[in-house]
Amino acid sequence: PPMVLGDGDRWAVPLFKSVARGTHVTPTLRDHRVSLVHVRDLATAIVTAGMWGERVGDDTGMYYVAADERPTYAELGAMIARAMGLPPPRVVRSPALATGVLAFFGEVVARIRDQPTMLNMDKWREATAGSWICDATKARGELGWTPAPLIERLGETGRAYREAGLV
C-alpha cells in the first residue's frame, strides 16, 4: 500500500491539525504527487486478494491499492481542508534541506527520549525522493476492488480526529 490514512492512524494527526490551524507545510519546494489509501479500503483489498486474488509467483499475486486521486502534498492539504469544511490552508513550501535539518534533530531527540517521531530521516528521504504513486488498475480489474473517493475518506478521518479531541 502507499500512504495509509484513517481514524485509527495517529501519524496523520499533525497533518490534519496543521491544516485545521490554517497552515500546511510541504516538505520540499517541488510538487511531488502521492498515492493514498484509507485503512478500510486497504483492509477490503487485502481480504479480497486473499480470497480471490492470484497467488504470489513471478510477476503475479502483486496488487497495488490506492485512491484514484494523486494529489501533490500542497493539494492534499487543500483537500483535507475542504473535506473538513475549512477554508484552504496557507501553503508554506519548505526547502528540502531545511526539512532535512529538522528531521535530523527530530530523530536525535526521539532517540534520546526513546519515543517515535513523525519527522525522522527515513520519512524525510521518502518525502523528498520524488512522487510516490501507484496504479490500482490490476486490483480493480481482477478483484473488483473500488476505494471510496479520497475526499470522502479524508472527511471521515477528520471527523474522527475531531470527535477524539485530536484536532
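Hydrogens, waters and symmetry mates are skipped; everything else that's a heavy atom, side chains included, is used.
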- Item | L15 side chain near Y161 side chain, heavy-atom distance below 4.5 Å | no
- Query: Does L42 belong to the same Ile/Leu/Val/Met/Phe/Trp/Tyr cluster as V47, with side-chain heavy atoms less than 4.5 Å apart forming each link?
  - Reply: no
- Query: Is M3 linked to W132 within one hydrophobic cluster, defined over Ile, Leu, Val, Met, Phe, Trp and Tyr using a side-chain heavy-atom separation of less than 4.5 Å?
  - Reply: no
- Item | Rounded distance (nearest 0.5 Å) linking atom OG1 of T23 with atom NZ of K17 | 14.0 Å
- Message: Rounded to the nearest 0.5 Å, what separates atom CE in M121 from atom CG in L102?
- Response: 10.5 Å
- Query: Charged N to carboxylate O below 4.0 Å: is that the case for E126 and K123?
  - Reply: yes
- Query: Got a donor-acceptor contact below 3.5 angstrom from the W124 side chain to the V101 backbone?
  - Reply: no
- Item | Nearest heavy atoms of R70 and E75, plus distance in Å | O-OE1, 4.5 Å
- Query: L143 versus V65: any side-chain heavy-atom pair under 4.5 Å?
  - Reply: no
- V167 reachable from L154 in the ILVMFWY side-chain graph, under 4.5 Å edges: yes
- Message: Give me the atom names and distance for the closest heavy-atom approach of V13 to L166.
- Response: CG1-O, 3.8 Å
- Message: Salt bridge or not between E107 and R111? Use side-chain N to carboxylate O under 4.0 Å.
- Response: yes
- Item | Shortest non-hydrogen contact from T99 toward P27 | OG1-O, 2.9 Å
- Note on the structure: Interatomic distance, CG@D68 vs OG1@T146, rounded to 0.5 Å, equals 8.5 Å
- Item | NZ/NE/NH1/NH2 to OD/OE distance under 4.0 Å, R153 and E69 | no
- Taking atom CZ of R113 as the centre, report whether more than 12 heavy atoms of other residues, nucleotides or ligands fall under 6.0 Å from it. no
- Please round to the nearest 0.5 Å and tell me the distance separating atom OG1 of T137 and atom CD of E142. 11.0 Å
- Value for CG (L86) from CD1 (I80), rounded to nearest 0.5 Å, stands at 10.0 Å
- Task: Answer yes or no: is there a side-chain heavy-atom contact under 4.5 Å between S35 and I133?
- Result: yes
- Message: Side chains of D9 and V4, heavy atoms from C-beta outward: is any pair under 4.5 Å?
- Response: no
- Minimal heavy-atom distance between T117 and A110, with the atoms involved, is CG2-CB, 3.7 Å
- Which heavy atom of M79 sits nearest a heavy atom of P71, and at what distance? SD-CB, 3.9 Å
- Does any non-hydrogen side-chain atom of P89 lie less than 4.5 Å from one of R21? no
- Is there a path from Y73 to F16 through hydrophobic residues (I, L, V, M, F, W, Y) whose side chains come within less than 4.5 Å of each other? yes
- Item | CZ (R30) with more than 12 external heavy atoms under 6.0 Å | no
- Task: Using a cut-off of 6.0 Å, state whether more than 12 heavy atoms not belonging to R93 lie near its atom CZ.
- Result: yes
- In this structure, CD of E163 is separated from CG of D7 (nearest 0.5 Å) by 9.0 Å
- Task: Please report the closest heavy-atom contact between A83 and I151, naming both atoms and the distance.
- Result: CB-O, 3.5 Å
- Task: Determine whether L150 and V19 fall in the same hydrophobic cluster, where Ile, Leu, Val, Met, Phe, Trp and Tyr are linked whenever their side-chain heavy atoms lie under 4.5 Å apart.
- Result: yes
